[in-house]
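Notes to accompany the following structure.
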Amino acid sequence: MPPVVAGMDGVFSEPWPTTEAVAHAVQERLRRLVVTRDDFGPLRRIAAVDAHFSEDRGLTWAAVAELDADSLELTSSALLCQPTRFPYIPGLLSFREAPAMVEAIGLLPEPPDLLVIDGQGTAHPRRFGLACHVGVLTGLPAIGVAKSRLVGRYEDLGETRGSCALLWHRREVIGAALRTRDGTNPLFVSPGHRVSLETCIQLVLRFAPRWRLPEPIRLADALSRMHG
DNA sequence: GCGACAG
DNA sequence: ATCTTGTCGC
């Protein structure tokens, strides 16, 4: 079987599940491949992926924005459209969004050094959110950045940028609530693949110097909503 | 049994 | 995610 993305050292392709039961089984199997230690080289190009849907036409659009890790300026982008193949079910988001995302990433001229994913990483009931799934399939380092919480509890955190609180679930630290702007709602940050939680927090602050959302996500979002 | 529930 | 205008506030 061919790799999911040419030139990327990830997990080999398999058919995408159609049923909830099989999707759960896939998560339970692939979760063991997630690496939550820092395991990446110099960050030169970072990429974010975002998906949008046209319900009426049954289409999923995925947009990738690749940025220079230092200047945070757009260096490359790609768009891809395919039929929607899975409904939105909390905890199974990746089976709806990841197929198009992985293909879109493969359209970039070069694989990025890091992926910033709009969704949870390990902050997931089975520790295998969208960012873990895309990270494991592509083999690329990935961090999960969600605008709201899926599971877990956290203590109140300070109102200023940089304040954060650990996210706990079943007596485990699964991520962190992180304030990237004074007085705004926190983001929910968690490891996707090959990045530690501490580094995720550090990187999200670095990539969101001004706005609540990291710059890569803002750009990917702007690209994808030009088509849904 | 009753809520909660990434995008 | 999507349906959707103006408007309040820094």
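Heavy-atom basis, side chains included; hydrogens, waters and symmetry copies ignored. Naming: A, B, ... by sequence-line order, numbering from 1 per chain.
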- Out of curiosity, does A:Leu67 fall in the hydrophobic cluster containing A:Trp211 (side-chain heavy atoms, cut-off under 4.5 Å, transitive links)? no
- Task: Give the cluster check for A:Leu107 versus A:Ile46: same hydrophobic cluster or not, with ILVMFWY residues linked at side-chain heavy-atom distances below 4.5 Å.
- Result: no
- Apply the test side chain to side chain contact (heavy atoms under 4.5 Å, CB included) to residues A:Leu197 and A:Leu166: give CA-CA distance (whole Å), side-chain angles for both, the deciding distance (0.1 Å), then the verdict. CA-CA 10 Å; A:Leu197 176 58; A:Leu166 295 178; 4.1 Å; yes
- Query: Does the cation-pi check pass for A:Arg149 over A:Tyr154, that is, NZ or CZ under 6.0 Å from the six-membered ring centre and within 45° of its axis?
  - Reply: no
- Message: Does A:Arg85 have more than 12 heavy atoms from other residues, nucleotides or ligands lying within 6.0 Å of its CZ?
- Response: yes
- Using distance alone, with no hydrogens and no angle criterion, decide if A:Ser196 and A:Asp38 have a side-chain donor and acceptor under 3.5 Å apart. yes
- Message: Under 4.5 Å between side-chain heavy atoms, counting indirect links through other Ile/Leu/Val/Met/Phe/Trp/Tyr residues: same cluster for A:Val35 and A:Ile201 or not?
- Response: no
- Message: Taking the basic N atoms (NZ, or NE/NH1/NH2) and the acidic carboxylate oxygens, is any pair closer than 4.0 Å for A:Arg206 and A:Asp70?
- Response: yes
- Message: Under 3.5 Å for both pairing distances: what stems, at least three Watson-Crick or G-U pairs long, include DNA chain C?
- Response: none
- Under 3.5 Å, is there a donor-acceptor pair between the side chain of A:Asp113 and the main chain of A:Arg44? yes
- Query: When every nucleotide of nucleotides 3-10 of chain C is labelled 5' to 3' by its protein contacts under 4.0 Å (heavy atoms), B for base, S for sugar-phosphate only, - for none, what sequence of letters results?
  - Reply: --------
- Task: Sugar-phosphate means primed atoms, P, OP1 and OP2; the rest is base. With that split, encode nucleotides 2-7 of chain B 5' to 3' as B, S or - using protein heavy atoms under 4.0 Å.
- Result: --SBBB
- Does CZ in A:Arg29 sit with more than 12 non-hydrogen atoms of other residues, nucleotides or ligands closer than 6.0 Å? yes
